[in-house]
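Scroll down for the structure; my scribbles are underneath it.
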Number of protein chains: 2
Amino acid sequence: MITLTEENYIKAIYHLGKQGVNNVSTNTVAKEMETKASSVTDMIKKLSEKGYADYKKYKGVSLTSKGRSVAIGIIRKHRLWEVFLVDKLNFSWDEIHEVAEQLEHIKSDKLIKQLDAFLDFPTHDPHGDPIPDATGYMTSIDKILLSQAPVGDTFICVGVQDSSSEFLKYLDKNKIALGTAFKILYKEPFDNSVTILVNNKELIISNMIANNLFVKKS
Amino acid sequence: MITLTEENYIKAIYHLGKQGVNNVSTNTVAKEMETKASSVTDMIKKLSEKGYADYKKYKGVSLTSKGRSVAIGIIRKHRLWEVFLVDKLNFSWDEIHEVAEQLEHIKSDKLIKQLDAFLDFPTHDPHGDPIPDATGYMTSIDKILLSQAPVGDTFICVGVQDSSSEFLKYLDKNKIALGTAFKILYKEPFDNSVTILVNNKELIISNMIANNLFVKKS
DNA sequence: ATATATTTTTAGGTTAATCTAAAAATTATT
DNA sequence: AATAATTTTTAGATTAACCTAAAAATATAT
Ligand SMILES: [Mn+2]
Ligand SMILES: [Mn+2]
Ligand SMILES: [Mn+2]
Ligand SMILES: [Mn+2]
């Protein structure tokens with residue numbers, strides 16, 4: 001039996017250390033979980049005892065393959081529910097994360113299997129993140145950050161790094177969505193801002209924005 | 001802030017004492033919650049302090065109007081999710097209760113509002129129980145137990161008292177579903193069994209079954 | 001009305017998840 | 001290499017939800 005809190009820690013370790021393979025420091029987990037380092041120490045001891053994590057004192061924590069498969073299962077549920085909320089219940093992409101944080105903990109194999117089928121086996125969530133299939137396999141489209149993309153080429157938006165409501169609303173306001181195509185006209189060396197041509201209009205994007213938008217060459 | 005456990009106690013008190021109006025004894029709640037009487041005493045003190053329940057030592061517990069509206073909200077969610085599972089995800093009516101027990105605690109006003117619309121504002125769940133609307137109003141069809149229905153008349157099945165998987169599977173096996181019509185041919189005084197004509201076949205139903213099937217005159 | 005049985009509450013403990021404060025280990029700086 | 005700063009762990013408390021066992025109240029039976 002695994003508790004909701006344990007699931008959330010496992011997910012955090014997965015996201016912080018490249019799919020849970022890299023060691024993550026106690027403080028890093030504490031920040032992500034909005035809790036204190038001492039609480040994290042307690043919990044990663046427990047996760048380690050239960051076989052979900054590898055932990056050596058003062059050396060940080062990583063996931064075992066058992067822990068990794070738990071993490072992937074939760075992520076699968078999170079992203080499928082996000083698709084449900086957008087595709088079926090008309091939520092916008094900036095309203096879904098908090099609800100999915102709750103729904104991802106519902107335990108029922110049949111539920112997630114049927115939901116997957118009902119949604120027609122989506123491969124990506126509304127933020128462009130890949131949805132692991134029932135076996136844990138994830139298709140990774142090769143995407144780069146807009147800040148890393150060269151001037152002159154044409155790209156399409158395929159994902160976001162930050163999926164906070166604020167950032168997503170900024171994109172909405174500027175009519176940038178997944179699938180939107182644009183051309184990189186100019187990169188200002190002084191502040192690393194990027195001028196793009198999108199929807200037949202020039203738009204200047206700050207480095208911070210460019211650092212949170214995933215694109216791929218079109 | 002209300003915890004999941006508090007919600008479950010409130011729901012239990014609601015179901016045990018006619019919509020939470022009647023006083024319910026500590027032991028009754030303990031049995032329903034599969035816990036000990038001492039734990040119940042602790043919890044109903046807390047519910048009372050938080051304004052969800054009225055409690056006097058040794059006198060049992062009932063719900064305040066605040067508690068009642070919490071209960072109705074949870075029941076609304078439970079039943080809407082049950083409709084979702086059956087109508088959209090192809091669950092059968094005997095597989096949904098446990099999942100709905102989890103889903104009923106998801107907190108999002110928009111979610112339940114949109115789900116209601118997505119399901120086309122259903123008024124009854126797959127077991128024939130009424131679904132409270134957003135204001136808490138519930139339509140109650142006047143139904144009686146098959147065991148109370150007179151011989152000779154024709155009835156349709158409109159609900160179940162017991163919604164355990166075992167009972168529901170029995171009904172499936174005998175091709176009895178919500179909306180199924182039948183005629184009461186005979187009631188055996190010795191064991192109170194009931195002979196009905198259903199799907200053009202005679203079927204003898206034990207008193208226990210007849211005590212768990214709601215019908216209405218057709 | 002008294003004794004017996006049952007129900008309910010209280011007292012005191014446990015576990016999971018958190019916290020603060022202090023100690024120990026590690027890392028960075030002179 | 002020694003000292004200072006930072007990170008991590010330990011020790012000891014707290015809270016929610018539960019438990020057992022004993023005490024108190026209520027209900028039932030003689
Ligand atoms: Mn999300
Ligand atoms: Mn997402
Ligand atoms: Mn149910
Ligand atoms: Mn139901």
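For clarity, every value in this text was computed on a predicted model and none was experimentally measured.
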Side-chain donor/acceptor of B:Ser38 to base of D:dT20, under 3.5 Å: yes
Rounding to a whole Å, what distance do you find between B:Lys56:NZ and D:dT26:C1'? 16 Å
Spacing of B:Asn23 atom CG relative to D:dT26 atom P, expressed in whole Å: 14 Å
Would you kindly check whether a donor in the side chain of A:Thr26 faces an acceptor in the base of D:dT9, or vice versa, at under 3.5 angstrom? no
OP1 or OP2 of C:dT10 under 4.0 Å from side-chain N/O of B:Lys45: yes
Within the structure, does a side-chain N or O atom of A:Asn27 lie under 4.0 Å from either OP1 or OP2 of D:dT8? yes
Report yes if at least one side-chain N or O of B:Thr35 is closer than 4.0 Å to OP1 or OP2 of D:dC19; otherwise report no. yes
Reckon A:Ser25 has a side-chain N or O less than 4.0 Å from the OP1 or OP2 of D:dT8? yes
B:Met1 CE to C:dT18 C1': how many Å, rounded? 14 Å
Nearest listed nucleotide, side chain of A:Ser39, among C:dT8, C:dC19, C:dT9: C:dC19
OP1 or OP2 of C:dT9 sitting under 4.0 Å from any side-chain N/O of B:Tyr55? yes
Separation of D:dA16 atom P from B:Lys50 atom NZ, nearest Å, is 7 Å
What residues, two or more places apart in sequence or in another chain, satisfy ring pair (Phe, Tyr, Trp, His ring centres under 6.0 Å) together with A:His127? none
Would B:Lys88 and A:Phe84 count as a cation-pi pair here, with the cationic atom under 6.0 angstrom from the ring centre and within 45° of the axis? no
Side-chain atoms of A:Thr5 come closest, of D:dC19, C:dT18, C:dT26, to C:dT18
Show the nearest heavy-atom pair for residues A:Val29 and A:Ile13, with the distance to one decimal. CG2-CG1, 4.3 Å
Identify, between A:Glu6 and A:Lys59, the residue whose nearest nucleotide on DNA chain C lies closer to the 5' end. A:Glu6
Checking contacts here: which listed nucleotide (C:dT9, D:dC18, D:dT8) is nearest the side-chain heavy atoms of A:Tyr58? D:dT8
Where does the angle between the aromatic ring planes of B:Phe167 and B:Tyr170 fall among parallel (under 30°), tilted (30 to 60°) and perpendicular (over 60°)? parallel
To check you understand the geometry: which heavy-atom pair defines the closest contact between B:Tyr9 and B:Thr35, and what is its length? OH-CG2, 3.6 Å
Considering only heavy side-chain atoms of A:Lys36, the closest of D:dC18, C:dT9, C:dT20 is C:dT20
Selection from D:dT10, C:dT10, D:dT7 that lies nearest to any side-chain heavy atom of A:Lys57: D:dT10
Calculate the interatomic distance between A:Ile44 atom CD1 and C:dT18 atom P; express it in whole Å. 13 Å
Quick check for you: among C:dT9, C:dT18, D:dT9, whose closest atom lies nearest to any side-chain atom of A:Asp42? C:dT18
